[in-house]
Amino acid sequence: GDPRWEHYDASVNAAARHRMETLLCVDMRAPGWAAWQRPDGGSPRGIPDPARLDDWARFVRQVAERYRDRVRVFEIENEPDLTCGGRAGLTLPEGVEYYIRFLRAGRDAVKAVDPALPVAGCDVSGVDMDRDLPFTKAVLEKAADAIDLYTGHPYASPRNFGPGQH
């Protein structure tokens, strides 16, 4: 069916009224019919089934078409190190490969709407930051060309200051 846009329209329109530039994050979430059910019976918490990559890319394209004139940057997934890693029950290499497939598909969908629209990605959590960026490094090594803008969460908390800290 058609996505329900009302909430997102209101948010994007409010930002535009206040002359704010918007980074819109397209999260990798899937309705039940498109959620991944692994062969081992595990369910990686509602993330899209890799076999439904085209459906997800079609949705990203709809988002880009709808908001292209009001959104400055489209980001593919928030904290993919968590979403595509431990929460999904994937190893680091598996999670990186999973994310890269969706990152590339999302980028292609946005760029099909307008090649000038920037795509952000690899918006990792403080967990990846605290561990010397293993997810980030692996994604950038294999797919830096899929990202126009790197994003991340270098939280400014006491754990990040002082001798031996990040």
Val63 vs Trp5 side-chain heavy atoms within contact, under 4.5 Å: yes
CG-CD distance between Asp123 and Glu75, expressed to the nearest 0.5 angstrom: 4.0 Å
With rounding to the nearest 0.5 Å, note down the distance linking CG in Asp148 to CZ in Arg107. 4.5 Å
Are more than 12 heavy atoms from other residues, nucleotides or ligands located less than 6.0 Å from atom OH of Tyr150? yes
Any ring pair (Phe, Tyr, Trp, His ring centres under 6.0 Å) involving residues 94-148? Give me the pairs, sequence neighbours left out, ordered by first then second residue. Trp36-Tyr98, Trp56-Phe102, Tyr98-Phe102, Tyr99-Phe135
Using the rule that two of Ile, Leu, Val, Met, Phe, Trp, Tyr join whenever any of their side-chain heavy atoms come within less than 4.5 Å, decide whether Leu149 and Met129 are in one cluster. no
So, do Asp132 and Lys137 sit near enough that their side-chain heavy atoms are less than 4.5 Å apart? yes
Roughly how far, to the nearest 0.5 Å, is CG of Asn13 from NE2 of His18? 11.0 Å
Linking I/L/V/M/F/W/Y whenever any side-chain heavy atoms sit under 4.5 Å apart, do Leu117 and Val60 land together? yes
Contact check, side chains of Asp27 and Glu77, non-hydrogen atoms, under 4.5 Å: yes
Nearest 0.5 Å, please: how far is CG in Asn78 from OG in Ser125? 9.0 Å
When you compare the side chain of Asp145 with that of Arg104, does any pair of heavy atoms fall below 4.5 Å? yes
Looking only at non-hydrogen atoms, find the nearest pair between Leu103 and Val139 and report the distance. CD2-CG1, 4.3 Å
In terms of heavy-atom contacts, Cys122 and Thr136 come closest through SG-CA, 3.7 Å
Cationic N near anionic O, under 4.0 Å, Glu65 to Arg61: yes
Nearest non-hydrogen partners of Leu23 and Ala120, listed with the distance: CD1-CB, 4.4 Å
Establish whether Val73 and Val71 are linked, either directly or via other cluster members, by ILVMFWY side-chain heavy-atom contacts under 4.5 Å. no
Does a sphere of radius 6.0 Å around CZ in Arg66 hold more than 12 heavy atoms from other residues, nucleotides or ligands, not counting ones at 6.0 Å or beyond? yes
Determine, for Asp55 against Arg58, whether the closest basic-nitrogen to carboxylate-oxygen distance falls under 4.0 angstrom. yes
Is the backbone N or O of Asp9 less than 3.5 Å from a side-chain atom of Tyr67, with the two atoms forming a donor-acceptor pair by type? yes
Taking side chain as C-beta onward, heavy atoms only, is Asp128 less than 4.5 Å from Pro134? yes
Gap between atom CZ of Phe74 and atom OG1 of Thr22 - 0.5 Å precision: 9.5 Å
Does Leu53 belong to the same Ile/Leu/Val/Met/Phe/Trp/Tyr cluster as Met28, with side-chain heavy atoms less than 4.5 Å apart forming each link? yes
Apart from Met20 itself, what residues make up its hydrophobic cluster, given side-chain heavy atom links below 4.5 Å? none
Interatomic distance, Leu140 atom CG to Leu133 atom CG [nearest 0.5 angstrom]: 9.0 Å
